[in-house]
Amino acid sequence: MSIAEVSEASDLIDFLVNKGNGVKGLSQMGLEIVPQKFIQPHEERLDFTQILSSESIPIIDISNFDDPKVAESICDAAEKWGFIQIVNHGIPIEVLENVIEAGHKFFELSVEERRKYLKENSPTHTVQLKTSFSPLAEKVLEWKDYLFHIYDCDDDESSKLWPAVSKDQVLEYMKWAKPIIVKLLEVLLEKLNVKQIDESMKSVVMGTLIVNLIHYPMCPSPELTAGAGRHADVSSITMLLQDDVGGLYVREPKGDGWIHVPPVKGALVINIGDVLQIMSNDRYKSAEHRVIVNASRNRVSVPIFVNPAPDAVFGPLKQVLENGEKPLYKHVVYSDYFNYFFSKGHEGKQTIEFAKL
């Protein structure tokens with residue numbers, strides 16, 4: 001495909017999505033500027049005068065998870081920021097480095113190999129190659145590709161069919177990450193007077209674990225585009241491993257400024273998603289965030305989205321409302337909420353309006 005042809009929107013979608021070239025394929029074409037479909041309107045570009053260099057999100061040492069001060073720090077940050085970085089979590093550094101490297105290796109495969117994992121070709125629904133955010137629904141495309149996995153520690157048959165170049169590294173990372181996810185949820189829910197995560201609660205707060213290998217290729221015009229537009233996650237919580245390139249920004253708690261979340265070696269970024277904001281009746285905050293891309297380096301990040309099961313129904317917890325607090329949200333089926341999120345482009349925190357009373 002020629003550079004001239006990719007300027008046509010329909011041909012571009014065919015090249016990116018149907019043929020499986022993705023943004024990686026575009027980035028290898030020697031473009032001097034991104035195609036029009038990737039250019040963000042001015043109001044959606046990161047205004048560098050709004051970056052608050054003096055602010056930073058909390059970094060919390062969780063080596064002693066049972067210390068009440070650690071739990072308090074996590075819950076306080078969830079209320080104020082919606083974002084933290086955790087260190088001394090116990091995952092070996094080589095496990096983290098290996099899964100980042102696996103992300104690079106998968107996207108270094110030939111397009112013929114990568115194409116095997118497009119939705120229509122993939123040997124299992126638990127792994128799929130995707131591009132942008134929701135390319136058939138959004139007005140402006142995002143400069144990224146990702147390999148999406150649904151993780152189930154009891155489903156060995158499905159994960160055997162994941163790409164050989166990255167499968168073992170993803171599974172090893174998830175084996176280490178899951179106990180930390182459980183502990184974080186226990187701490188956050190205990191503050192909401194949920195004393196135990198039983199099976200029904202487990203289905204609501206962590207019924208589905210999705211892990212993505214996201215690849216943000218080098219971009220000829222990073223100031224015009226976005227790796228991820230402004231949005232809040234529709235998870236309970238998200239655990240993000242980022243490489244050393246940087247580019248993640250979070251909205252300040254009150255105001256229009258943006259705070260860079262710098263890569264810290266060995267750290268994991270944890271953010272509150274809409275599900276916990278709704279369940280906590282706004283005590284916890286799902287913070288708006290975005291990703292900018294890089295002109296000279298490919299960036300890989302590995303988020304784990306800790307989501308309800310598709311058929312789970314969630315809303316403000318009865319334990320939160322028992323003192324007469326008025327609910328701010330209705331109860332909704334998670335699949336309806338999730339599908340609404342993906343039915344449009346990223347729109348800041350608009351998705352949560354779907355559940356508002």
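Just so it is clear, the values below take in all heavy atoms, side chains as well, and ignore hydrogens, waters and symmetry mates. For this chain, numbers begin at 1 and follow the sequence in order.
- Listed by first and then second residue, the ring pair (Phe, Tyr, Trp, His ring centres under 6.0 Å) pairs that reach into residues 162-190 are His149-Trp162, sequence neighbours excluded.
- The heavy-atom pair separating Tyr334 from Val234 by the smallest distance is OH-O, 2.7 Å.
- With Ser27 contributing its side chain and Lys24 its backbone, the two residues share a donor-acceptor pair below 3.5 Å.
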- Could you check Tyr337 against Phe341 for ring-ring contact (aromatic ring centres under 6.0 Å, His included), going step by step and ending with a plain yes or no? CA-CA 6 Å; Tyr337 195 84; Phe341 180 59; 7.8 Å; no
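- For Ser56, there are no side chain to side chain contact (heavy atoms under 4.5 Å, CB included) partners two or more places apart in sequence or in a different chain.
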Just distance, no hydrogens or angles: give the donor-acceptor pairs under 3.5 Å from side chains in residues 199-209, sequence neighbours left out.
| unit_1 | atom_1 | unit_2 | atom_2 | d |
| --- | --- | --- | --- | --- |
| Ser200 | OG | Asp198 | OD1 | 3.0 |
| Thr208 | OG1 | Pro308 | O | 3.2 |

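- When side chains are defined from C-beta on, Ile180 does not count as touching Ile270, because their heavy atoms never get closer than 4.5 Å.
- Glu79 is not listed as a side-chain neighbour of Ser280, based on a closest heavy-atom distance of 4.5 Å or more.
- With hydrogens and angles disregarded, no donor-acceptor distance shorter than 3.5 Å links the side chain of Ser63 to the backbone of Asn88.
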Sequence neighbours left out, cut at 3.5 Å: what donor-acceptor pairs do the side chains of residues 309-323 make with other protein atoms?
none

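- Side-chain contact between Arg299 and Asp243: present, with at least one pair of heavy atoms (C-beta onward) separated by less than 4.5 Å.
- Looking at Glu113 and Val165, their side chains never come closer than 4.5 Å, going by heavy atoms from C-beta outward.
- Taken to the nearest 0.5 Å, the CD1 atom of Ile74 stands 5.0 Å off from the CD1 atom of Ile84.
- Taking all atoms of both residues into account, the shortest heavy-atom contact from Ile86 to His89 is O-CD2, 3.6 Å.
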- Item | Steps toward side-chain contact (heavy atoms from CB on, under 4.5 Å) verdict (Val211, Val99) | CA-CA 11 Å; Val211 55; Val99 77; over 6 Å; no
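- Note on Ile100 and Ile93: same hydrophobic cluster, where clusters join Ile, Leu, Val, Met, Phe, Trp and Tyr whose side-chain heavy atoms are under 4.5 Å apart, directly or indirectly.
- The salt bridge (charged side-chain N to carboxylate O under 4.0 Å, His left out) check on Glu43 picks up nothing, with sequence neighbours excluded.
- Counting only heavy atoms from C-beta outward, the side chains of Ile272 and Arg283 never approach each other to under 4.5 Å.
- In this structure, Arg114 contributes its side chain and Asn21 its backbone to a donor-acceptor pair below 3.5 Å.
- A pairwise comparison of heavy atoms in Gln40 and Ala226 identifies NE2-CB, 3.6 Å as the closest pair.
- Note on Ile59 and Val269: separate hydrophobic clusters, where clusters join Ile, Leu, Val, Met, Phe, Trp and Tyr whose side-chain heavy atoms are under 4.5 Å apart, directly or indirectly.
- The list of side chain to side chain donor-acceptor pair (under 3.5 Å) pairs with a residue in residues 346-357, not counting sequence neighbours, reads Glu142-His346, Gln277-Lys349, Ser286-Lys349, Lys344-Thr351, Glu353-Lys356.
- Smallest separation of non-hydrogen atoms from Cys219 and Thr225: SG-CG2, 3.4 Å.
- Under the side-chain contact (heavy atoms from CB on, under 4.5 Å) rule, Trp81 has a single partner from Ile259, Asp76, Val250, which is Ile259.
- Across all their heavy atoms, Ser235 and Val306 have their closest contact at CB-O, 3.4 Å.
- Side-chain heavy-atom separations under 4.5 angstrom define the hydrophobic clusters, and the remaining members of the one that includes Ile51 are Leu46, Phe48, Tyr249, Trp258, Ile292.
- A continuous path of ILVMFWY side-chain contacts below 4.5 Å connects Leu147 to Leu171, so both sit in one hydrophobic cluster.
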- Task: For the pair Glu97 and Lys265, evaluate side-chain contact (heavy atoms from CB on, under 4.5 Å) and give the outcome as yes or no after the intermediate values.
- Result: CA-CA 10 Å; Glu97 289 173 345; Lys265 191 174 174 65; 3.0 Å; yes
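- Within the structure, ring pair (Phe, Tyr, Trp, His ring centres under 6.0 Å) pairs that include any residue of residues 198-228 comprise Phe107-His215 (at least two apart or interchain).
- Partners of Glu186 by salt bridge (charged side-chain N to carboxylate O under 4.0 Å, His left out), not counting sequence neighbours: none found.
- Both Met29 and Phe38 are members of a single hydrophobic cluster when ILVMFWY side chains are connected at heavy-atom separations under 4.5 Å.
- Between the side chains of Glu172 and Asn98, not a single donor N or O lies within less than 3.5 Å of an accepting N or O.
- Residues Ile237 and Leu188 meet the side-chain proximity criterion, which asks for heavy atoms closer than 4.5 Å.
- Sorted by first then second residue, the ring pair (Phe, Tyr, Trp, His ring centres under 6.0 Å) pairs that include residues 266-306, not counting sequence neighbours, are Phe83-His289, His231-His289.
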- Query: How far apart are the C-alpha atoms of Val170 and Tyr151, what are their side-chain angles, what is the distance that settles it, and do they pass the side-chain contact (heavy atoms from CB on, under 4.5 Å) test?
  - Reply: CA-CA 9 Å; Val170 171; Tyr151 174 75; over 6 Å; no
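- Between Pro303 and Leu240 the shortest side-chain heavy-atom distance falls below 4.5 Å.
- No side-chain heavy atom of Lys130 sits under 4.5 Å from any side-chain heavy atom of Asn212.
- Under a 4.0 Å N-O distance rule, the pair Asp244/Arg297 qualifies as a salt bridge.
- For the residue pair Pro35 and Leu12, the shortest heavy atom distance occurs at CB-CD2, 4.2 Å.
- Checked by atom type and distance alone, the side chain of Asp145 never pairs as donor or acceptor with a backbone atom of Leu129 at under 3.5 Å.
- Distance check: Asp233 CG to Thr238 OG1 gives 3.5 Å after rounding to the nearest 0.5 Å.
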- How far apart are the C-alpha atoms of Leu161 and Val127, what are their side-chain angles, what is the distance that settles it, and do they pass the side-chain contact (heavy atoms from CB on, under 4.5 Å) test? CA-CA 8 Å; Leu161 302 171; Val127 66; 5.8 Å; no
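- Using a distance-only test at 3.5 Å, with no hydrogens or angles considered, no donor-acceptor pair links the side chain of Glu252 to the main chain of Leu52.
- A distance of 7.0 Å separates CG of Asn18 from CD of Glu120, quoted to the nearest 0.5 Å.
- Among residue pairs with one or both ends in residues 285-296, those qualifying as salt bridge (charged side-chain N to carboxylate O under 4.0 Å, His left out) are Arg230-Glu288, Arg251-Glu288; sequence neighbours excluded.
- Residues meeting the salt bridge (charged side-chain N to carboxylate O under 4.0 Å, His left out) test with Lys19, sequence neighbours left out: Asp14.
- Cluster membership check: Phe15 does not share its hydrophobic cluster with Val140, using side-chain heavy-atom separations under 4.5 Å among Ile, Leu, Val, Met, Phe, Trp and Tyr.
- Here the CG atom belonging to Leu213 is positioned 5.5 Å from the OG atom belonging to Ser166, to the nearest 0.5 angstrom.
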